[in-house]
Amino acid sequence: MADTFRLTLAQLNPTVGAFEANAAKALDAWEEGRRAGADMVMLPEMFLTGYQAQDLVLKPAFVQDAMAAMERLAARITDGPALGIGGPYWDETGHYNAWWVLRDGKVAARILKHNLPHEDVFDEYRLFDSGQISGPVRIGAARVGIPVCEDSWHPEVAETLLETGAEILIVPNGSPYFRDKQDVRMNVIVSRVVETGLPVVYLNTVGGQDDQLFDGASFVLNPHGEIAAQLPAFEECVTHVDFTRGAEGWRAVPQALTPQPDAWEQDYHAMVLGLRDYLGKSGFRKVVLGLSGGVDSALVAVIAADAIGAENVHCVMLPSRHTSQGSLDDAAALAHRIGARLDTVEIEGSREAVTGALAHIMAGTEPDSTEENIQSRLRGVMLMAISNKFGGMLLTTGNKSEMAVGYCTIYGDMSGGYNPLKDLYKTRVFETCRWRNANHRPWMKGPAGEVIPTVIIDKPPSAELRDNQKDQDSLPPYEVLDAILERLVEDDQSVAEIVAAGFDRATVKRVEHLLYISEWKRFQSAPGPRLTRRAFWLDRRYPMVNCWRDQS
């Protein structure tokens with residue numbers, strides 16, 4: 001019996017619903033594995049349909065088409081390695097998240113996911129039935145156990161596979177990104193290695209799907225938790241891992257490890273990839289955004305340039321009488337540095353026309369945020385018109401701090417199809433700008449160097465909707481605001497706990513109030529890449545009408 005086993009890992013980027021395109025990617029990877037003499041080529045969870053397909057997998061026609069595409073793919077897997085690929089499976093016993101093993105022109109096995117995740121962004125109880133734990137599959141010289149994604153987080157699946165003869169565990173995943181997720185995954189898989197004494201292959205998908213990012217970063221662990229292979233984060237990769245069998249069983253042959261990014265680079269790459277895939281998978285090639293001269297729109301413009309190239313980024317300055325010359329100059333400098341087109345559309349005449357039209361209704365009232373928001377909404381009208389006319393997706397630029405407390409104008413600066421900063425607090429916006437100025441990577445399509453003028457990063461933030469306006473006129477300093485928000489949103493702390501940590505109770509209560517009353521705005525907001533454990537959408541589901549407040 002041979003004492004070697006070669007596994008090809010295909011860390012690839014599928015598109016939800018693009019069955020034929022995903023199958024073609026799988027077939028290309030299989031061909032590469034065949035040329036390399038692989039025994040098996042491995043693709044991630046639900047790769048054929050893309051992931052997450054959400055309620056599409058409740059639609060019979062969708063699943064029927066997916067299963068038919070899988071059968072067509074199986075017919076092409078001949079005279080070469082086995083192919084493992086994820087896709088849905090329905091039969092008379094139930095509806096399953098399955099991993100199909102294709103070999104010799106047919107379906108050789110189906111591994112049904114047993115543990116269904118139902119937390120964070122997942123709700124697979126509504127989508128699938130729990131499958132029975134499958135036994136190992138003989139592939140070449142090895143008996144391979146296959147815990148599908150969530151199954152690897154539960155020791156009983158790996159233990160059952162060990163008891164039924166598995167010699168190597170391979171885990172196909174659709175594990176979404178949040179900051180420093182790789183450390184969490186590594187700790188889980190180390191536990192499975194220690195418990196079973198078997199090598200484990202962890203293959204994750206890569207790419208953006210709506211608000212979710214899949215960061216790849218696949219790896220292989222030998223017994224004793226020794227890492228034998230590490231694939232790149234946020235990038236497609238096909239590589240081959242060799243296993244040899246000795247007196248103590250199978251071991252992966254160590255290979256060069258791809259260095260992993262730090263938290264700042266992780267988030268930045270996630271935002272770039274999320275935007276690139278949201279545009280590309282939706283059929284958009286260009287973007288338009290309002291460039292204010294402020295730090296948020298500057299960062300969005302640079303992210304867009306890095307995602308799709310500056311030649312596809314259309315920046316528009318929309319000044320009113322409250323816009324400072326400094327903001328005009330800063331916006332121009334930013335656009336020039338990244339090489340993007342910049343146009344100016346004056347809104348003062350439009351503002352006067354709207355306020356004039358409303359004058360008889362507003363008579364006897366004092367100017368307030370109503371008049372300020374007219375400017376923001378006029379900008380939204382202008383930007384949407386440009387988007388409609390020229391086909392670029394409008395990007396909105398509000399950060400997580402603003403989205404949390406409603407410091408944004410519905411139908412104004414919230415207008416747009418995607419928001420790269422939606423899960424990035426303002427204090428992290430500043431630091432991310434500094435990080436990008438100091439770093440450039442091959443996957444960035446924008447220029448290297450100090451692309452964001454330091455004056456934009458250093459000046460006090462302002463919406464410039466009235467003279468001499470500063471954000472801190474309406475909000476606590478961002479260092480304080482973000483610290484409170486992280487405790488309220490990410491940590492679910494009580495008011496009493498936050499006050500005990502040294503924060504002013506009145507400030508905490510005010511932030512809590514703003515957070516709750518802004519839920520309706522967030523419900524209507526554009527999607528954006530998930531960077532934390534508690535992004536606004538699937539991670540944090542709160543009612544829009546809510547009279548409860550924490551009195552602790």
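Bear in mind the structure is a predicted one, so any value in this text is a computation, not a measurement.
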Taking all non-hydrogen atoms of both residues into account, name the closest pair between [X] and [Y] and its distance.
| X | Y | answer |
| --- | --- | --- |
| Phe122 | Gly174 | CZ-O, 3.8 Å |
| Ser350 | Leu378 | C-CD1, 3.7 Å |
| Ser552 | Ala496 | OG-N, 3.1 Å |
| Cys408 | Met403 | SG-SD, 4.2 Å |
| Asp306 | Gly446 | OD1-N, 2.9 Å |
| Trp153 | Val184 | CH2-CG1, 3.6 Å |

Roughly how far apart are [X] [atom1] and [Y] [atom2], rounded to 0.5 Å?
| X | Y | atom1 | atom2 | answer |
| --- | --- | --- | --- | --- |
| Tyr425 | Tyr478 | OH | OH | 13.0 Å |
| Ser152 | Asn173 | OG | CG | 5.5 Å |
| Leu395 | Leu275 | CG | CG | 5.5 Å |
| Lys426 | Tyr407 | NZ | OH | 9.0 Å |
| Lys521 | Glu402 | NZ | CD | 10.5 Å |
| His336 | Leu334 | NE2 | CG | 11.5 Å |

Examine the side chains of [X] and [Y] and answer whether a donor and an acceptor come within less than 3.5 Å of each other.
| X | Y | value |
| --- | --- | --- |
| Tyr51 | Gln212 | no |
| Ser297 | Thr397 | no |
| Asp413 | Ser376 | yes |
| Ser175 | Asn204 | no |

Would you mind telling me which of Arg179, Arg185, Lys181 makes a salt bridge (charged side-chain N to carboxylate O under 4.0 Å, His left out) with Asp215?
->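 Looking at Arg179, Arg185, Lys181, the match for Asp215 under the salt bridge (charged side-chain N to carboxylate O under 4.0 Å, His left out) is Arg185.
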Quick one: do Gln266 and Gln182 satisfy side chain to side chain contact (heavy atoms under 4.5 Å, CB included)? Show the steps, please.
-> CA-CA 10 Å; Gln266 288 176 40; Gln182 184 71 335; 5.9 Å; no
Minimum side-chain heavy-atom gap [X]-[Y] below 4.5 Å:
| X | Y | value |
| --- | --- | --- |
| Leu531 | Phe178 | no |
| Arg377 | Ile410 | yes |
| Val57 | His95 | no |
| Asn437 | Ile457 | yes |
| Leu58 | Leu127 | yes |
| Lys400 | Leu485 | no |
| Asn399 | Val295 | no |
| Pro88 | Met46 | yes |

Backbone N or O of [Y] within a donor-acceptor pair of the [X] side chain at under 3.5 Å?
| X | Y | answer |
| --- | --- | --- |
| Glu150 | Asn115 | no |
| Ser518 | Val405 | yes |
| Gln209 | Gly50 | no |
| Lys286 | Ile308 | no |
| Ser282 | Phe284 | no |
| Lys422 | Asp211 | no |
| Gln260 | Thr258 | yes |
| Glu490 | Arg533 | no |
| Glu236 | Val206 | no |
| Gln230 | Ala217 | yes |

Name the one of Ile498, Val480, Asp550 that satisfies side-chain contact (heavy atoms from CB on, under 4.5 Å) with Val508?
->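 So the option named by the test is Ile498.
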Let me know which of Phe536, Trp537, Tyr418 forms a side-chain contact (heavy atoms from CB on, under 4.5 Å) with Pro527.
->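 When Phe536, Trp537, Tyr418 are each tested with Pro527, the side-chain contact (heavy atoms from CB on, under 4.5 Å) holds only for Tyr418.
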Hey, mind stepping through Arg522 and Tyr542 against side chain to side chain contact (heavy atoms under 4.5 Å, CB included) and telling me if it holds?
-> CA-CA 10 Å; Arg522 291 189 291 274; Tyr542 272 64; over 6 Å; no
Arg441 and His269: CA distance, side-chain angles, deciding distance, side chain to side chain contact (heavy atoms under 4.5 Å, CB included) verdict = CA-CA 10 Å; Arg441 300 289 184 266; His269 204 161; over 6 Å; no
Given salt bridge (Lys or Arg N to Asp or Glu O under 4.0 Å), test Arg351 with Glu371 step by step and report yes or no.
-> CA-CA 9 Å; Arg351 186 193 66 81; Glu371 286 76 12; over 6 Å; no
So with a 6.0 Å cut-off around CD of Glu119, is the heavy-atom count from everything else above 12?
->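 Atom CD in Glu119 is packed in, count exceeds 12.
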Using a cut-off of 6.0 Å, state whether more than 12 heavy atoms not belonging to Arg549 lie near its atom CZ.
->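 Atom CZ in Arg549 is packed in, count exceeds 12.
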Run the salt bridge (Lys or Arg N to Asp or Glu O under 4.0 Å) check on Glu519 and Arg540 step by step: do they pass?
-> CA-CA 10 Å; Glu519 195 66 41; Arg540 186 181 181 278; 3.3 Å; yes
Where do Asp423 and Thr532 land on the side-chain hydrogen bond (donor to acceptor under 3.5 Å, both in side chains) test, with the steps shown first?
-> CA-CA 7 Å; Asp423 200 25; Thr532 69; 3.0 Å; yes
Which word best sums up how the rings of Tyr202 and Phe219 line up, parallel for under 30°, tilted for 30 to 60°, or perpendicular for over 60°?
->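 Aromatic pair Tyr202/Phe219 classed parallel.
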Do Arg530 and Asp210 meet the salt-bridge criterion of a basic N to acidic O distance under 4.0 Å?
->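 Result for this pair is no, no salt bridge flagged.
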Do Phe62 and Phe19 make the cut of ring centroids closer than 6.0 angstrom?
->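 Yes, the ring of Phe62 comes within the 6.0 Å limit of the ring of Phe19, centre to centre.
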What do the steps show when you test Leu394 against Val288 for side chain to side chain contact (heavy atoms under 4.5 Å, CB included), and what is the final call?
-> CA-CA 5 Å; Leu394 176 58; Val288 60; 4.0 Å; yes
Do Arg428's NZ or CZ and the ring of Trp435 fall within the cation-pi criteria of under 6.0 Å and 45°?
->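 Because its charged atom misses either the 6.0 Å distance or the 45° angle limit, Arg428 does not stack over Trp435.
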